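Note on naming: letters A, B, ... go to the chains in the order of the sequence lines (proteins, then strands), and numbering restarts at 1 for each one. Everything quoted here is computed from the prediction, not taken from an experiment.
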2 protein chains.
Amino acid sequence: MAGNTFHKLRDEIENGIVTGEFEPGERLDEVQLATRYGVSRTPIREALMQLSAIGFVEIRPRRGAVVVDPAPERVFEMFEVMAEMEGMAGAFAARRHTEEDRAALVAAHAQCEAAAISEDTDRYYYENETFHRAIYAASHSGFLEEQCIALHRRLRPYRRLQLRVRNRMKVSLKEHGDIVAAILAGDMEAARTLLRGHIAVQGDRFGDLVATLGKRDRRKSLMG
Amino acid sequence: MAGNTFHKLRDEIENGIVTGEFEPGERLDEVQLATRYGVSRTPIREALMQLSAIGFVEIRPRRGAVVVDPAPERVFEMFEVMAEMEGMAGAFAARRHTEEDRAALVAAHAQCEAAAISEDTDRYYYENETFHRAIYAASHSGFLEEQCIALHRRLRPYRRLQLRVRNRMKVSLKEHGDIVAAILAGDMEAARTLLRGHIAVQGDRFGDLVATLGKRDRRKSLMG
DNA sequence: TACGCCATTCTTGTATACATAAAGATTGAC
DNA sequence: GTCAATCTTTATGTATACAAGAATGGCGTA
């Protein structure tokens, strides 16, 4: 076994949470995970410790680890902060982007457009992520980039169905276009405002999120 | 031993890093820590795992844990993000503060003023933290509050001498006054801008930080 | 004397064993 | 029949044991 099993396990379990394999509120049994991954409890525990520090799981003393199941208000707060962080990244990008950043942004936007035209939501989801990461990179703040990526991952379980909403892809693409224009024009405040609005949970998307959270709560109450 | 030794150890070690007992770049020997705290290596490792997930320590495979020693640019980036996060909290606070928040803010500001008048930098440092936490609380975003507190802690090793700079306390107090006014007036953008400027590393403070980092780097190079 | 190779030692990473608290079941009393 | 108390069971928390990769020092050779 390579030197850093716990690191791989951390990624593995985190991925399971992010993709919804382990649902919010689900109990994470140490021995069960250990047998599943063919290791002992020790590296499993170390992985869970790391995940608890990031906020993916909660470890209650003597009662084991569960996937964090934040209250709806907390999820809204997280989206709210995400919106501001993206705005921040956009503002920095507008001020600091290089020629390469510009090319990457335009290319990522074009890929999103292609995905939107072919109405391939899965592909759009992927290209959308590339687009946003291009903005983070263009901010030229490695720290901000990391923070954005981390928060983005944490929110992924709550963003799953968003793009399947009617017309969301087209609206999203239009917003991307405006964002690219603002960044390339070096307009910090426009980039900030547009990105904030692009991410923010408001209008229809508010209802979508409520529906998602509602489903989750129903399931939870069924399970006791 | 109570059920959550690793949790206490995590706080203990994190505190050691924050207060400078464990300096950036310092190696954290597992058995050494274990004997020091009178426990086995297991909970020590679990604590270190958590600290590595937050970014306080770095665990290199098969080569142990060291206190993270970020490059100067990274420290600047962290301050930059901190400034924006504080601005965010201020903007939210301006919009959402309640009567109790208002009272807490005014009271915290008064305590800062008292500390400044008595020229007690240690006390001002403490009251200043209370003041900023009052702003986080007034943002009415538990998530943002947590993020701000966490980043604030991470930056503490680099903020140590800041208030001892000539006149910094008076300038800081003046800025606090303007910030309180903006928040109480409900002026989101003024609160944001003022707090951003209050935290940002610029002008004299840039030099102070460079000096601090310089000292650290010199030490590091002496140690190989 | 300097450089490189090998052996020893030390430390980390993982597994297992043991202690203990919480959850669940069973029995007894009212 | 229901509730409660106790015992059993199960899983977590910690310690210890073992395996294996780095670091270190010594030895030999150029």
Side-chain angles (χ1 to χ4, degrees), chain A residues 1-17 22-69 220-224, chain B residues 1-17 22-69 220-224:
Chain A
M1 237 148 276
N4 42 0
T5 298
F6 66 85
H7 189 267
K8 286 172 193 162
L9 287 171
R10 169 185 157 340
D11 290 352
E12 200 82 33
I13 299 172
E14 179 180 326
N15 214 52
I17 295 173
F22 303 122
E23 290 181 33
E26 184 172 341
R27 197 166 135 53
L28 296 171
D29 188 87
E30 292 178 4
V31 291
Q32 201 170 306
L33 290 169
T35 56
R36 165 171 177 169
Y37 293 111
V39 296
S40 81
R41 278 175 54 220
T42 308
I44 293 286
R45 278 184 66 85
E46 292 178 348
L48 290 177
M49 289 293 165
Q50 299 208 56
L51 292 174
S52 89
I54 319 177
F56 272 101
V57 312
E58 185 185 345
I59 297 181
R60 299 161 305 173
R62 282 277 173 203
R63 298 187 60 204
V66 296
V67 179
V68 161
D69 187 12
K220 197 172 73 172
S221 64
L222 283 173
M223 289 167 56
Chain B
M1 239 148 274
N4 43 0
T5 299
F6 66 85
H7 190 267
K8 287 173 192 159
L9 287 172
R10 168 186 157 341
D11 290 351
E12 199 83 33
I13 299 173
E14 177 179 328
N15 214 52
I17 295 173
F22 303 122
E23 291 181 33
E26 184 173 340
R27 195 166 136 53
L28 296 170
D29 188 87
E30 292 177 4
V31 291
Q32 202 171 305
L33 290 169
T35 55
R36 166 172 175 168
Y37 293 111
V39 296
S40 81
R41 278 175 53 220
T42 307
I44 294 286
R45 277 184 66 85
E46 292 178 347
L48 291 176
M49 289 293 165
Q50 298 208 56
L51 292 174
S52 89
I54 319 176
F56 272 101
V57 311
E58 186 185 344
I59 297 181
R60 299 162 304 174
R62 285 271 173 206
R63 298 185 60 203
V66 296
V67 179
V68 160
D69 187 13
K220 198 172 71 171
S221 65
L222 284 173
M223 290 168 54

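When the side chain to side chain contact (heavy atoms under 4.5 Å, CB included) test is applied to D11(A), the partners found at least two apart in sequence or on another chain are H7(A). Under the rule for a side chain to side chain contact (heavy atoms under 4.5 Å, CB included), the partners of V68(B) that lie at least two apart in sequence or sit in another chain are E58(B), P70(B).
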What are the atom names and distances for every N/O pair under 3.5 Å that joins the protein to nucleotides 18-23 of chain D?
unit_1, atom_1, unit_2, atom_2, d
dG21(D), O4', R62(B), NE, 3.4
dA23(D), OP1, R63(B), NE, 2.6
dA23(D), OP1, R63(B), NH2, 3.2

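Using a 4.0 Å cut-off, some side-chain N or O of R27(A) falls inside it from OP1 or OP2 of dT12(D). Under 4.0 angstrom from either OP1 or OP2 of dA15(C) there lies at least one side-chain N or O belonging to S40(A). OP1 or OP2 of dT14(C) has at least one side-chain nitrogen or oxygen of T5(A) nearer than 4.0 Å.
Put simply, CZ on R45(A) is 14 Å from P on dA15(C), counting in whole angstrom units. In this entry the distance linking CD of E30(A) with C1' of dT14(C) reads 15 Å, nearest Å. One can place NZ of K8(B) at 13 Å from P of dG13(D), the figure rounded to the nearest angstrom. Rounded to whole Å, atom P of dT12(D) lies 11 Å from atom CD1 of I44(A). M49(A) has its CE atom 11 Å from the C1' atom of dT14(D), to the nearest Å.
Comment: K8(A) does not engage E12(A) in a salt bridge, judged by the lack of any side-chain N to carboxylate O separation of less than 4.0 angstrom.
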